[in-house]
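One structure is given below, encoded as structure tokens.
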Protein chains: 2
Amino acid sequence: MARKEVPSLVKDEKLIQKRRGEMIKAAVNLFKENGFHRTTTREIAKASGFSIGTLYEYIRSKEDILYLVCDSIYEGVREKLNEQIGMTEGSIDHVKKAIAVYFNVVDEMQDEVLVMYQEVKSLSREALPYVLKKELEMTAIFEELIKQTVEQGELDLCEEEVKLLAHNILVHGQMWTFRRWSLRKEYSLEEYTKMQTHLLLYGVKSKSFT
Amino acid sequence: MARKEVPSLVKDEKLIQKRRGEMIKAAVNLFKENGFHRTTTREIAKASGFSIGTLYEYIRSKEDILYLVCDSIYEGVREKLNEQIGMTEGSIDHVKKAIAVYFNVVDEMQDEVLVMYQEVKSLSREALPYVLKKELEMTAIFEELIKQTVEQGELDLCEEEVKLLAHNILVHGQMWTFRRWSLRKEYSLEEYTKMQTHLLLYGVKSKSFT
DNA sequence: TTGTACTGAGCGAACGCTCGGTCGATCCTT
DNA sequence: AAGGATCGACCGAGCGTTCGCTCAGTACAA
């Protein structure tokens with residue numbers, strides 16, 4: 001199950017990349033304003049700078065756009081993550097740093113992450129698995145990092161705990177976007193990161209902020 | 001900002017309650033299958049057991065249905081919570097129990113919670129605040145419980161940490177629904193509850209399951 | 001001239017919502 | 001008690017509009 005290819009009527013591969021890039025950018029902006037369903041293909045075409053006919057040279061259906069958007073956002077997040085996380089050996093400091101980097105990326109791309117997060121469910125049963133797989137791959141990044149930290153002896157966790165922890169980290173990042181209507185009022189990103197990291201590692205019973 | 005009243009053309013208040021109950025039940029089932037936008041008012045009417053004309057005697061617009069659905073789900077969760085959580089004094093055991101109860105409720109109502117969670121965003125800017133307020137009230141329940149535990153001296157947390165912890169608990173519950181495609185494969189509800197509770201209280205650094 | 005990217009008027013299905021009308025229950029009058 | 005008037009819940013055909021998508025035609029580069 002590799003990346004799903006969306007067929008296009010246009011031959012020039014470079015041009016496809018370019019046009020789809022324009023499409024995705026326009027679509028994200030519209031989706032974050034009105035959501036997927038309330039956004040029309042005409043609006044997307046217009047905001048992309050070409051006609052509705054041209055739009056349909058590069059996709060088969062409106063849903064294809066949503067898929068491309070989700071795919072692109074995941075790639076964006078992953079790229080930024082890989083840029084900044086060197087995955088050599090595992091250590092608690094590494095985990096902390098990775099969380100901070102991840103939260104930063106989520107914050108930078110908050111609109112995109114939120115849009116994707118709220119709209120994936122509109123994907124067809126056929127396309128959904130491809131996107132969920134991406135989410136699992138993201139989880140796996142943290143899972144691997146924690147697992148190595150366990151192997152280094154800095155943490156004592158079983159397989160299942162490692163997995164759940166990875167899920168929690170991911171969700172705490174996403175939560176910064178989908179609960180921002182409340183969290184933003186209470187905390188800055190730095191405060192949020194620091195507190196979540198502390199709670200994650202030390203829980204509430206041991207009091208020793210670092 | 002009390003509960004928003006949705007006007008109806010029908011006079012009989014009892015009947016309104018009854019019909020809206022039927023409507024909500026039908027709508028939740030359809031929403032969880034196809035989402036709000038892909039569900040038609042005709043489908044809702046039919047599944048409710050009356051005609052499209054009658055449907056519109058009890059609401060003004062399709063969005064009213066979504067609002068009623070969200071409202072009803074919140075009330076359902078809160079009712080079940082209050083039933084089972086006696087809020088006398090605060091203690092760590094109380095917090096643990098409250099989490100377990102909450103996770104159980106979320107599990108019982110997973111379809112409803114998931115639907116609400118995925119569709120609130122489709123509410124108009126006018127109706128949204130009423131629903132977000134409900135979410136804050138839910139958070140406040142846990143906030144209060146934790147605060148009292150702090151006051152009892154069983155926990156040492158500042159105001160902001162208490163708040164964040166309450167948010168985390170709520171999200172961990174919701175997460176059980178919106179990540180069930182993955183979590184369900186890994187854990188039973190009991191395992192999930194136990195592990196999340198432990199991580200929440202003790203973090204990953206101290207190893208002592210109870 | 002041929003191939004390819006692009007255009008946008010137009011098609012047809014679907015959808016939210018309305019409104020004229022039906023009909024049983026209830027009230028009023030004699 | 002009977003007949004008529006009124007009420008109000010319920011109905012569903014149909015209106016107006018929107019929206020995803022198509023395709024016959026154009027522009028232009030090679």
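Just so it is clear: chains get the letters A, B, ... in the order the sequence lines come, proteins before strands, and each one is counted from 1. Because the structure is a prediction, the values reported are computed rather than measured.
- Per the geometry, CD1 belonging to A/Ile44 stands 17 Å off C1' belonging to C/dG8, to the nearest Å.
- Aromatic rings from B/Tyr192 and B/Trp176 are positioned such that their centres are separated by under 6.0 Å.
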Open item on the list: Working note: A/Tyr117 + B/Phe178, criterion ring-ring contact (aromatic ring centres under 6.0 Å, His included); need CA distance, chi angles, decisive distance, verdict.
Closed with: CA-CA 10 Å; A/Tyr117 196 74; B/Phe178 67 71; 5.6 Å; yes
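- If you check residues 17-27 of chain B against DNA chain C, you find no residue with a heavy atom closer than 4.0 Å.
- Judged by distance alone, the side chain of B/Tyr74 and the main-chain N or O of B/Met138 form no donor-acceptor pair under 3.5 Å.
- Protein atom CG of B/Asp12 is 10 Å distant from nucleotide atom C1' of D/dG8, rounded to whole Å.
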TODO: At under 4.0 Å between heavy atoms, which parts of nucleotides 15-26 of chain D does protein reach? Answer with one letter per nucleotide, 5' to 3': B base, S sugar-phosphate only, - none.
DONE: ----BBBB----
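- Going from atom CZ of A/Phe50 over to atom P of C/dA5 covers 13 Å, rounded to whole Å.
- Taking atom CD on B/Glu13 and atom P on D/dG8, their separation rounds to 15 Å, with Å as the unit.
- Between the B/Lys62 side chain and the B/Thr39 main chain, a donor and an acceptor come within less than 3.5 Å of each other.
- Side-chain contact between B/Val171 and A/Arg179 is present, with heavy atoms from C-beta onward closer than 4.5 Å.
- In this structure the side chain of B/His94 reaches within 4.5 angstrom of the side chain of B/Glu89, judged on heavy atoms.
- If you take NZ of B/Lys14 and C1' of D/dG8, they are 18 Å apart, rounded to a whole angstrom.
- When atom types are taken as modelled, the side chain of B/Tyr130 and the backbone of B/Tyr67 share no donor-acceptor pair closer than 3.5 angstrom.
- For the pair A/Ile16 CD1 and C/dA5 P, the interatomic distance rounds to 8 Å; values are reported in whole Å.
- Picking from D/dC11, D/dA9, C/dA5 the nucleotide with the shortest atom distance to the side chain of B/Lys11 gives D/dA9.
- Shortest non-hydrogen contact noted between A/Thr41 and A/Tyr56 is CG2-OH, 3.3 Å.
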